[in-house]
Novice: 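Please find one structure pasted underneath; my questions will follow.
Count residues from 1 along the sequence. Computed over heavy atoms, backbone and side chain alike; hydrogens, waters and symmetry mates excluded.
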Amino acid sequence: MVTGNPIRPQLLHGTPARAHERYGLAPDLPLVYVTGGAQGSRQINTLIEQVLPTLLTQAQVLHQCGRDWIGHLTEVAANLPAEIGERYHPTAYVGEELPDVYAAADIVVSRSGAGTVAELVAVGKPSVLIPLVPAAGDEQRNNARYLVQAGAARALLEAGPTPQQLLAELDELLLAPGLQARMTDAAKALGRPDAADALAKVILEQAK
């Protein structure tokens, strides 16, 4: 039986307005949510830092960067030109507010571990995936390829992606709302938001 990977049910019930209020986000500006996991990702953080001056002319960025990076990236935010600096929102950790962040985000930049991918397709978010390489059995690149082939994501699959590659993918998505909509539909088609119920049902049936 294939049930899909269970996700927390509250992820499906976020409210964009709560994320806007918590982080001081502009409701009328595209939001790119960047995450490298709870501890942050040196690779993703570095790439985002390098593309900020250009990316922030088109979108606002909520960046979950990890505790080790929050001091540095707060300084980066303070040194950005005033007209775009207020669009960058670094935060060490996103916890119980994650459902609201997902609901508010237009595009997600993240790793492609099994749990993250299950969440992205369940909430139907277009994404740019930067797999951890190497990972056990190359599972993160395999996950990313699966979403790319389905039209649900873009991915930087090589071991050393460049800032220019990341910015090119984000530019294309930000400038094409129709593409974002198609990727949302493709992601939702892959999602299994009822995976936990399906798994419990299988276990109970076998227990009988």
Novice: Once side-chain hydrogen bond (donor to acceptor under 3.5 Å, both in side chains) is applied, do any residues pair with Asn45, and if so which ones, sequence neighbours excluded?
Specialist: His63

Novice: Only counting residues at least two apart or in another chain, list the ones meeting side-chain hydrogen bond (donor to acceptor under 3.5 Å, both in side chains) with His72.
Specialist: Glu49

Novice: Filter on salt bridge (Lys or Arg N to Asp or Glu O under 4.0 Å), then keep only pairs touching residues 120-149, sequence neighbours left out; what's left?
Specialist: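 Only Asp138-Arg141 qualify under salt bridge (Lys or Arg N to Asp or Glu O under 4.0 Å).
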
Novice: So, using salt bridge (charged side-chain N to carboxylate O under 4.0 Å, His left out) as the criterion, who are the partners of Arg18 when residues are at least two apart?
Specialist: Asp100

Novice: According to the salt bridge (Lys or Arg N to Asp or Glu O under 4.0 Å) rule, which pairs have a member within residues 74-91, sequence neighbours left out?
Specialist: none

Novice: Please list, chain by chain and in numerical order, all residues satisfying side chain to side chain contact (heavy atoms under 4.5 Å, CB included) with Thr91, sequence neighbours excluded.
Specialist: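 Side chain to side chain contact (heavy atoms under 4.5 Å, CB included) list for Thr91, sorted by chain: Tyr23, Leu62, Gln64, Val94.
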
Novice: Transitive ILVMFWY cluster of Val2 at side-chain heavy atoms under 4.5 Å: who else is in it?
Specialist: none

Novice: Output every pair passing side-chain hydrogen bond (donor to acceptor under 3.5 Å, both in side chains) with a member in residues 188-208, not counting sequence neighbours, ordered by first then second residue.
Specialist: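 Checked against side-chain hydrogen bond (donor to acceptor under 3.5 Å, both in side chains) - neighbours excluded - no pair reaches residues 188-208.
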
Novice: Rest of the hydrophobic cluster containing Leu29 (Ile/Leu/Val/Met/Phe/Trp/Tyr, side-chain heavy atoms under 4.5 Å)?
Specialist: none

Novice: By side chain to side chain contact (heavy atoms under 4.5 Å, CB included), which residues pair with Ala150, not counting sequence neighbours?
Specialist: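 With sequence neighbours excluded, Ala150 shows a side chain to side chain contact (heavy atoms under 4.5 Å, CB included) to Leu190, given in chain and number order.
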
Novice: What salt bridge (Lys or Arg N to Asp or Glu O under 4.0 Å) pairs are there with at least one residue in residues 112-124, not counting sequence neighbours?
Specialist: Arg8-Glu119

Novice: Would you list the atom pairs, donor with acceptor, under 3.5 Å between side chains in residues 156-175 and any protein atom, with sequence neighbours excluded?
Specialist:
from   : atom 1 : to     : atom 2 : distance (Å)
Thr162 : OG1    : Gln165 : N      : 3.1
Thr162 : OG1    : Gln165 : OE1    : 3.4
Gln165 : OE1    : Thr162 : N      : 2.9
Glu169 : OE1    : Arg154 : NH1    : 3.0
Asp171 : OD1    : Gln58  : NE2    : 2.5
Glu172 : OE1    : Arg154 : NH1    : 3.1
Glu172 : OE2    : Arg154 : NH2    : 3.2

